[in-house]
There are 2 protein chains.
Amino acid sequence: MWPLSQKPGWAAATAIWSTRMSLARLDNKWTAMVVIALGRGDGLRFGDLRAVVQGISAKVLTETLRDLERDGIVARHEYAEMPPRVEYELTALGRTLHVPLQALGRWAEKHTAEVLEAREAYDAGRR
Amino acid sequence: MWPLSQKPGWAAATAIWSTRMSLARLDNKWTAMVVIALGRGDGLRFGDLRAVVQGISAKVLTETLRDLERDGIVARHEYAEMPPRVEYELTALGRTLHVPLQALGRWAEKHTAEVLEAREAYDAGRR
DNA sequence: CGGTATCCGTGTAGATACTG
DNA sequence: CAGTATCTACACGGATACCG
């Protein structure tokens, strides 16, 4: 048989998802983390999210949440109180996305040490 | 009981993975796509990868592959031929990462249409 | 073929200040 | 509290040219 990469039409067929990943914003730096965070707690507030998704600025969190809301992943609930309270939760669509993303988060928890070791070994070899 | 987000220590405990995701480069735009591509074919060549991961430039693909090699996700095999041939494949660690990423790719295939619809609806409402 | 080197534009994100 | 507005910078990535 053909080497997989030379099989006619393989590249074209396989290439579809790379466009899709971009369309669904899965190439965005913060999207995954925000969705994972939202999947863990119900009705998380803006401030909670900032605390959980470490390193994100208020501006970027706002933009990320807007994009996710626009894409039907996140629902926003604003309460007309003083001081204001806004809660975010995943939509039904968002919960389907949360499943693979949570698996990814678990991979990160589990294997970061190995990655870091490999990195050190690689750098040691270069020196 | 406490609202989840106010439970003491919850934010701190939950926050760990957001650092880990970054450390493992899972916040990189192209990492996921390259790993998915590599998981689908064995011994993919540089040119194959460029064709499959649409939109990536040679420079950025090189950098991405170097980083993944450094992190122990990807193995590089160079053959001293003319013209040169270089093949890339996932390591054992890389294959464990491929599992959740492939699930993510499938989500993208399956739900992009819904995302795009939501986006249109949102924009229509704003207009 | 499979890169690297260089240059350079721009998007992404940080800091800061301000508001309903 | 939950943002918005503005300004800025630098990393990211694209284009081009060249090399082993």
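The shown structure was predicted, so the numbers you read here are calculated from the model rather than taken from an experiment. Chain letters run A, B, ... following the sequence lines, proteins first, then strands; residues in each count from 1.
- Separation of atoms CZ (Arg76(A)) and OG1 (Thr91(A)) is listed at 15.5 Å; rounding is to 0.5 Å.
- In this structure, Trp30(A) CH2 and Leu61(A) CG are separated by 9.5 Å, a value rounded to the nearest 0.5 Å.
- Axis angle across the helix from dC1(C)-dG20(D) to dG20(C)-dC1(D), with five pairs used at each end and values rounded to 10°: 60°.
- Put simply, CZ on Arg119(A) and CZ on Arg25(B) are 4.5 Å apart, with the number rounded to the nearest 0.5 Å.
- With rounding to whole Å, Arg50(B) atom CZ is found 11 Å from dG3(C) atom C1'.
- Going from atom CG of Leu44(B) over to atom P of dG3(C) covers 13 Å, rounded to whole Å.
- Remark: the backbone N or O of Ser18(B) is paired with a side-chain donor or acceptor of Ser22(B) at under 3.5 angstrom.
- Distance CD (Glu63(A)) to C1' (dG11(C)): 11 Å, rounded to an integer number of Å.
- Between dG13(D) and Ser57(B), no contact under 4.0 Å exists linking OP1 or OP2 to a side-chain N or O.
- Of all heavy-atom pairs spanning Ala37(A) and Val53(A), the tightest one is CB-CG2, 4.1 Å.
- In this model, the phosphate group of dA2(D) is not approached by any side-chain N or O of Arg85(A) to a distance below 4.0 Å at OP1 or OP2.
- What you find for Thr112(A) and Arg20(B) is that their closest heavy atoms are OG1-CD, 3.0 Å.
- The side chain of Thr62(B) contributes an N or O atom lying less than 4.0 Å from OP1 or OP2 of dT4(C).
- The side chain of Trp30(A) places an N or O atom within less than 4.0 Å of a non-bridging phosphate oxygen (OP1 or OP2) of dA13(C).
- Between dG13(D), dA13(C), dG3(D), one nucleotide has an atom nearer to the side chain of Val60(B) than all others, and that is dG13(D).
- Within residues 64-81 of chain A, no residue approaches DNA chain C, by heavy-atom distance under 4.0 Å.
- Of all heavy-atom pairs spanning Arg40(A) and His98(A), the tightest one is N-NE2, 4.3 Å.
- When every heavy atom of Gly105(A) is checked against every heavy atom of Met21(B), the shortest pair comes out as CA-SD, 3.9 Å.
- Following rounding to the nearest Å, Gln54(A) (CD) and dG14(C) (C1') show an atom-to-atom distance of 17 Å.
- The nearest whole Å value for the distance from the CE atom in Met82(B) to the C1' atom in dG2(C) is 10 Å.
- To the nearest 0.5 Å, the span separating CG on Leu49(A) from CG on Leu44(A) amounts to 5.0 Å.
- Put simply, CG on Leu49(A) is 14 Å from P on dC1(D), counting in whole angstrom units.
- A residue-by-residue look at Pro84(A) and Lys29(A) shows that Lys29(A) has its nearest nucleotide of DNA chain C further toward the 5' end.
- Counting to the nearest Å, the C1' atom of dG14(C) and the CG atom of Leu61(A) are 14 Å from each other.
- Rounded to the nearest 0.5 Å, atoms CG (Leu97(A)) and CG (Leu26(A)) are 6.0 Å apart.
- For Pro83(A) and Ala58(A), each mapped to the nucleotide of DNA chain D holding its nearest heavy atom, the one lying further toward the 5' end belongs to Pro83(A).
- Counting all heavy atoms, side chain and backbone alike, Thr96(B) lies closest to Pro100(B) at O-CD, 3.2 Å.
- Across all non-hydrogen atoms, the minimal contact from Leu101(B) to Ile36(B) is O-CD1, 3.4 Å.
- Going from atom CG of Asn28(A) over to atom P of dG13(D) covers 12 Å, rounded to whole Å.
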Report, one pair per line, the protein and nucleotides 16-18 of chain D atoms (nitrogen or oxygen only) whose separation is under 3.5 Å.
none

